[in-house]
Structure formats: structure tokens, C-alpha cells
Amino acid sequence: MKLFNKIVAVYREILSFAGGFFFLAFCFCVLVQIIARNLLPSAPSWTEEAARYTFIYMVAFGSAVAMLKDEFVYVEFLRDSLEAKGHHRVNQVMRLIITLAIFVLCVYILFFSEPAFAFLKFRMVSTAMQIPMQYIYFSQILMFLLLSISAIFRVIMFIRDWNKTGEENAMEQEIQDVIEQTGEAH
């Protein structure tokens with residue numbers, strides 16, 4: 001399991017770095033756009049398009065991190081009420097089923113929808129930056145691929161942590177959050 005934990009940690013670091021890079025690029029584009037609109041006679045047309053595309057890639061990487069850390073939005077009060085009533089197993093099964101459903105949906109979209117959409121047979125470019133749209137549409141393939149990988153890792157983590165109580169999982173998550181915030185690695 002140490003090897004698995006190391007693989008997941010490296011995978012999450014790569015996703016976080018890429019997502020952070022696109023976040024910074026997004027902020028830069030928006031900042032240039034704001035400064036240009038307020039201080040220059042005319043704003044460059046590429047900033048809005050670049051901000052949109054960096055945001056798309058930021059979401060692609062960020063959604064995979066959210067899946068990996070089990071931070072997708074779900075009915076919090078249901079989880080809390082199940083844990084309070086001592087139904088930890090029901091909560092685990094429900095989260096596992098949701099993760100498996102997301103995995104199946106991502107794989108279905110990845111193999112049956114996205115290739116025809118992302119790999120266009122004709123040349124299409126963005127309006128302002130003249131970037132081939134295949135690069136922009138590739139973000140969807142990337143997102144569903146990364147979500148699928150993250151879902152597989154998440155299912156393995158569910159199986160690994162099956163015998164732990166809700167309190168143990170919460171305590172481990174708090175320790176992991178502190179380690180991430182301080183920048184220490186084990």
C-alpha cells in the first residue's frame with residue numbers, strides 16, 4: 001500500500017501543479033484584461049479567449065483532484081446524519097456507488113462521445129488567438145480520462161479504508177490536510 005499511496009501522492013501533485021499553472025494563467029489573463037480596459041484606449045481581444053481556455057483546463061485538472069480527495073459536492077446533511085446515527089457502512093456504500101457511477105459515466109463519455117467531438121475532421125480555429133480548436137476540445141478528453149483514473153484510485157482507497165470507522169477517516173483526513181498545508185511529505 002505504500003507504493004499505491006506514493007503513486008496517488010505523485011499523481012495528485014502533478015494534477016495540482018497543472019491546475020495551479022492554469023489558475024495562474026487565468027488570473028494573469030483577467031488581470032491584463034482589467035488593466036487594459038481601464039488604462040488603455042482599446043483592450044486586446046485575446047485576453048477573454050485565453051482566460052476562457054485556461055479556465056477550461058483548470059477545471060479539467062481540478063475536477064480530477066476533487067474526485068481523488070472525495071471533495072465533490074454531495075448531500076452533506078445526508079452524510080452527516082448517517083454518520084451521527086452510526087450508519088458508517090451505509091455512508092461508505094453510498095459514496096462507493098456514486099464514485100462507481102461517475103466512473104462508468106466518464107468512461108462512457110470518453111469512449112463513445114468525446115473522440116468524435118474532439119478530433120474534428122476539418123480545421124477550425126479560435127476567433128482571436130487562431131488556436132486550433134482541437135487543442136481546446138482535447139481538454140474534455142483529458143478531463144474525463146483524469147476523472148476516470150481518479151475514480152479508480154478513489155475506489156481502491158474505499159476498499160483499503162473499508163474497515164476504518166468514520167472518525168478514523170476524518171482524523172486521517174485532518175492529518176493529511178495539515179501535512180499538505182505545511183508542505184511536509186512522508
Side-chain angles (χ1 to χ4, degrees), residues 7-76 79 95 98-155 157 173 176-177 179-183 185:
I7 290 170
V8 170
V10 168
Y11 175 70
R12 187 167 65 189
E13 286 298 317
I14 291 169
L15 293 176
S16 297
F17 177 78
F21 171 79
F22 283 107
F23 175 70
L24 290 175
F26 172 76
C27 291
F28 173 77
C29 293
V30 171
L31 184 64
V32 168
Q33 192 174 35
I34 291 170
I35 291 171
R37 285 187 180 182
N38 290 317
L39 300 176
L40 298 177
S42 66
S45 61
W46 62 267
T47 56
E48 185 177 338
E49 208 169 86
R52 185 179 319 127
Y53 299 150
T54 55
F55 182 76
I56 289 169
Y57 271 93
M58 179 181 62
V59 169
F61 288 106
S63 62
V65 173
M67 168 65 79
L68 196 59
K69 294 174 77 175
D70 198 28
E71 291 183 348
F72 273 146
V73 175
Y74 57 97
V75 185
E76 191 81 20
R79 184 198 68 166
R95 289 172 48 214
I98 290 169
T99 303
L100 288 172
I102 291 172
F103 171 73
V104 168
L105 180 65
C106 287
V107 168
Y108 179 82
I109 290 172
L110 185 62
F111 288 107
F112 295 110
S113 290
E114 287 300 327
F117 177 70
F119 301 116
L120 300 173
K121 305 238 186 287
F122 53 91
R123 180 163 166 77
M124 197 163 118
V125 295
S126 65
T127 308
M129 298 175 61
Q130 298 297 307
I131 296 174
M133 291 305 290
Q134 285 86 350
Y135 296 128
I136 308 308
Y137 295 149
F138 178 73
S139 67
Q140 298 303 307
I141 289 178
L142 183 67
M143 181 175 75
F144 289 113
L145 176 67
L146 293 175
L147 275 172
S148 299
I149 293 168
S150 294
I152 290 169
F153 285 160
R154 192 73 210 141
V155 167
M157 286 190 265
Q173 185 61 42
Q176 187 66 27
D177 290 343
I179 289 171
E180 286 176 8
Q181 289 173 358
T182 59

Hey, are the side chains of [X] and [Y] touching, using non-hydrogen atoms and a 4.5 Å cut-off?
{"X": "M67", "Y": "T99", "answer": "yes"}
{"X": "W46", "Y": "Q130", "answer": "no"}
{"X": "L68", "Y": "M157", "answer": "yes"}
{"X": "T54", "Y": "Y57", "answer": "no"}
{"X": "F144", "Y": "Y108", "answer": "no"}
{"X": "Y137", "Y": "I56", "answer": "no"}

Which residues pass the side chain to side chain contact (heavy atoms under 4.5 Å, CB included) test with F55, sequence neighbours left out?
-> F26, M58, V59
Can you name the side chain to side chain contact (heavy atoms under 4.5 Å, CB included) partners of L105, sequence neighbours left out?
-> I109
For the side chain of T47 and the backbone of Q33, is there at least one donor-acceptor N/O pair under 3.5 Å apart?
-> no
At their closest point, which heavy atom of [X] faces which heavy atom of [Y], and how far apart are they?
{"X": "S63", "Y": "L147", "result": "O-CD2, 3.5 Å"}
{"X": "R37", "Y": "A43", "result": "CG-CB, 3.7 Å"}
{"X": "A151", "Y": "F103", "result": "CB-CB, 3.7 Å"}
{"X": "S148", "Y": "C106", "result": "OG-CB, 3.4 Å"}

Calculate, to the nearest 0.5 Å, the distance between atoms OG and OH belonging to S16 and Y11 respectively.
-> 10.5 Å
